[in-house]
Every structure is written in C-alpha cells, then in structure tokens.
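Have a look at the structure below before the remarks.
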Amino acid sequence: MELQQEMGTIKSSETMEELKQQLKQAGPLCLVSFLDYSLQIISVMFIGHLGELSLSVASMASSFAAVTGSHFLLGTGSALETFCGQAYGAHQYHMLGVYTQRAMLVLMLIAIPISIIWTYTCTIFIWFGQDVEISMKAETYTRWLIPSIFPYGILQCQFRFLQAQSNTKVLMLSSGFTCLVHILACWILILKFGLMSNGAALACAISYWIQVSFLAIYIKFSCTFEKTWTRFCKEAFLNLEEFVSLSIPFALMIW
C-alpha cells in the first residue's frame with residue numbers, strides 16, 4: 001500500500017514537472033501569436049481615427065489580405081514544424097537550416113501570386129457585389145500591403161526554426177519590440193507624413209522587415225545555432241516537392 005502511494009506521488013510529481021515544461025514553452029508562443037495579430041489591429045485602430053470610410057476600407061482589405069495571403073503563408077510555414085522537429089529529434093542538426101531555407105524559398109514563390117491577387121482586389125470585390133468606392137480604396141490599401149507579405153513569409157520560417165529548438169524567449173522579445181516599433185511607425189506615417197490608411201499598410205511592411213532583420217542577425221551570430229544554421233546551400237533547392245506536398249494540406253487547413 002505504501003509502495004502504491006509512493007508510486008502515485010512520483011507520477012504526480014512527474015506530471016507536474018511535465019506541465020511546467022509545457023507551460024514554459026507554450027506561454028511565450030501564445031504571447032508571440034497575440035503580438036503577431038496585434039500588428040493589423042494596431043493599424044486598424046489608427047485608421048479608425050480617419051473616419052468611417054477609411055475604417056471600413058481597412059477592415060475589409062485586412063480581412064481579404066489575411067484570408068488570401070497571411071493565413072495561407074502561415075499554414076504553409078507550419079509544415080516546417082514537422083521537418084525541423086524530426087531533424088532535431090534525429091540529431092540531424094544541419095538539416096534544420098536546410099529545411100528552413102527551403103521553406104523560405106517556397107514561401108517567397110507563393111508570395112508572388114498572392115501579390116498579383118492583391119493587385120486586383122477591386123475587381124474581386126466588385127465581382128462579389130461590394131461598393132465600388134470601398135473596393136477601389138481597398139485595392140489601394142492591399143497594394144500598399146504587398147511589401148509586407150514577403151517578410152511575413154520569412155518570419156514564419158524563422159519562428160519554426162527557433163521554436164523547434166525551444167528558443168522562444170527571443171521570439172517573445174522580438175515580437176514585443178516589433179509592436180512598439182509598429183505603433184511608432186503608424187503614428188509617423190499616418191499622422192505626421194499624412195499617408196492616411198496607406199501609411200498603416202506601409203507600417204506593417206516596415207515592422208515585419210525590422211523583426212526579420214533582428215532575428216536573422218540573432219540566428220547568424222548566436223553561438224546557439226552553430227550546428228543548426230550554416231550558410232545558404234544548394235541542398236535547400238532540392239526536394240522542393242517534398243515540402244510542398246506536406247505544406248499544402250497545412251495551408252488549406254488554416255485557410
């Protein structure tokens with residue numbers, strides 16, 4: 001009886017320890033996701049001060065851009081979790097860098113047709129019976145969002161690369177810093193430079209590129225990634241179909 005109680009105590013202790021480890025990893029990731037979505041919310045909040053029409057345009061354009069662009073890239077990049085997780089577990093550390101570079105290439109290629117779709121937002125909106133004036137202004141907004149889709153794709157790959165190695169604190173810090181930069185960028189571009197709603201779209205691109213640059217420098221020069229991140233290699237251009245075949249179901253699920 002005492003042995004059973006002792007075994008139960010040990011199992012309970014192990015369970016609590018495992019729970020602590022899960023929360024330690026999940027907490028920063030939840031905050032990162034929240035901060036990531038906050039960029040569009042911050043932009044819309046600034047635009048809300050410009051009037052009802054501007055707010056309507058930004059809301060519709062942001063939703064359209066999310067469904068046709070960022071969510072699709074988010075789903076595609078999610079496949080990298082599987083590849084990086086398997087490589088890290090199998091101690092094939094150099095493959096994390098190879099898989100990440102391969103994912104970056106695929107996501108950059110996918111971003112090109114997304115940019116074309118955003119260019120014809122007005123036509124698509126009118127085809128679905130939306131107001132002509134709102135559709136025209138929404139197209140202008142999504143066109144200004146095009147520079148943000150490329151760093152957003154790279155960012156998804158960097159996230160998975162770091163996440164696979166349980167390096168989540170830097171993601172949390174970089175996301176928090178990016179939000180602060182985004183608030184400043186929106187204030188300058190919208191209110192000071194007078195770019196109106198277009199300034200909010202441009203601020204997204206600036207903020208994403210800053211975060212991408214910050215994480216790229218960290219990955220490049222941190223001794224933590226000596227085994228997992230090497231210089232860009234030709235191997236990243238091989239077996240693209242393997243990544244695409246797994247990433248498309250992920251992308252469709254999120255989409």
Side-chain angles (χ1 to χ4, degrees), residues 29-30 32-44 58 60-85 96-121 124 138-139 141-164 168 171 174-175 178-179 182 200-216 219 232 236-237 239-255:
L29 290 176
C30 289
V32 167
S33 297
F34 171 76
L35 293 172
D36 183 37
Y37 284 113
S38 294
L39 263 64
Q40 289 292 344
I41 296 174
I42 292 169
S43 295
V44 173
M60 287 185 61
S62 296
S63 298
F64 177 75
V67 172
T68 58
S70 56
H71 287 176
F72 197 82
L73 290 181
L74 174 63
T76 305
S78 297
L80 192 58
E81 296 178 10
T82 301
F83 287 105
C84 285
L96 270 79
V98 173
Y99 286 139
T100 302
Q101 293 169 24
R102 187 175 298 163
M104 287 180 178
L105 175 61
V106 171
L107 265 65
M108 291 302 95
L109 292 175
I110 293 175
I112 295 174
I114 290 174
S115 301
I116 296 173
I117 292 173
W118 287 5
T119 304
Y120 294 97
T121 300
I124 296 171
E139 181 177 287
Y141 187 84
T142 51
R143 286 185 177 184
W144 280 76
L145 277 176
I146 289 176
S148 69
I149 196 66
F150 295 96
Y152 184 82
I154 297 174
L155 200 58
Q156 298 310 307
C157 300
Q158 292 175 326
F159 277 7
R160 271 66 186 185
F161 175 80
L162 294 168
Q163 182 182 337
T168 55
L171 291 177
S174 66
S175 297
T178 301
C179 271
H182 188 63
L202 183 59
C204 288
I206 294 173
S207 300
Y208 282 137
W209 276 117
I210 288 176
Q211 188 172 12
V212 164
S213 301
F214 176 84
L215 291 178
I219 293 171
F232 285 90
F237 294 87
N239 298 323
L240 294 178
E241 66 279 359
E242 180 185 8
F243 180 83
V244 172
S245 63
L246 183 63
S247 64
I248 292 302
F250 276 96
L252 292 176
M253 179 181 65
I254 300 297
W255 183 58

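Position 1 is the first residue of the sequence; numbering continues from there. What you see is a predicted model, and the numbers here were worked out from it, not measured in a lab.
- Side-chain atoms of T100 and L80, non-hydrogen and from C-beta on, do get closer than 4.5 Å to each other.
- From I248, atom CD1 reaches atom CZ of F243 across 9.0 Å, with rounding to the nearest 0.5 Å.
- Scanning all heavy atoms of the two residues, the minimum distance from Q40 to C204 falls at NE2-SG, 3.9 Å.
- Applying the salt bridge (Lys or Arg N to Asp or Glu O under 4.0 Å) rule to E242 yields no partners; only residues at least two apart in sequence or on another chain are considered.
- A distance of 4.5 Å separates CG in D36 from OH in Y152, rounded to the nearest 0.5 Å.
- Contact detail for Y141 and A201: the closest heavy-atom pair is O-CB, 3.8 Å.
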Show your reasoning for whether side-chain contact (heavy atoms from CB on, under 4.5 Å) applies to F159 and L215. CA-CA 9 Å; F159 277 7; L215 291 178; 4.0 Å; yes
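- In terms of modelled atom types and a separation under 3.5 Å, the side chain of S247 and the main chain of A79 share no donor-acceptor contact.
- Side chain of H182 to main chain of L39: a donor-acceptor pair is present (N/O by atom type, distance under 3.5 Å, no hydrogens or angles).
- Counting only heavy atoms from C-beta outward, the side chains of I219 and L162 approach each other to under 4.5 Å.
- Partners of R143 under the side chain to side chain donor-acceptor pair (under 3.5 Å) rule, at least two apart in sequence or in another chain, are E139.
- Nearest heavy atoms, P151 versus V212: O-CG2, 3.3 Å.
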Verdict with reasoning, I124 to F64, per side-chain contact (heavy atoms from CB on, under 4.5 Å): CA-CA 10 Å; I124 296 171; F64 177 75; 3.8 Å; yes
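- The aromatic rings of F83 and Y99 sit tilted relative to each other, their planes meeting at an angle between 30° and 60°.
- L96 approaches C84 most closely through the heavy-atom pair CD1-O, 3.8 Å.
- Residue I146 holds its CD1 atom at 9.0 Å from CD1 of I116, rounded to the nearest 0.5 Å.
- Contact between C179 and S38 at its shortest, heavy atoms only, is SG-CB, 4.1 Å.
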Considering only distance and modelled atom types, tabulate donor-acceptor pairs under 3.5 Å from the side chains of residues 69-77, sequence neighbours left out.
unit_1: S70; atom_1: OG; unit_2: A66; atom_2: O; d: 3.4
unit_1: T76; atom_1: OG1; unit_2: F72; atom_2: O; d: 2.8

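- Going from atom OG1 of T178 over to atom CG of L171 covers 10.5 Å, rounded to the nearest 0.5 Å.
- Residue I149 holds its CD1 atom at 11.0 Å from CD1 of I154, rounded to the nearest 0.5 Å.
- One finds the CE atom of M104 at 11.0 Å from the CD atom of Q156 (value rounded to the nearest 0.5 Å).
- Taking every heavy atom of both residues into account, T119 and S115 meet most closely at OG1-O, 2.8 Å.
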Begin with the C-alpha distance, continue with both residues' side-chain angles, and end with the deciding distance and a verdict on side-chain contact (heavy atoms from CB on, under 4.5 Å) for V32 and T168. CA-CA 9 Å; V32 167; T168 55; over 6 Å; no
Chi angles and distances behind the side-chain contact (heavy atoms from CB on, under 4.5 Å) call for F34, I41: CA-CA 10 Å; F34 171 76; I41 296 174; over 6 Å; no
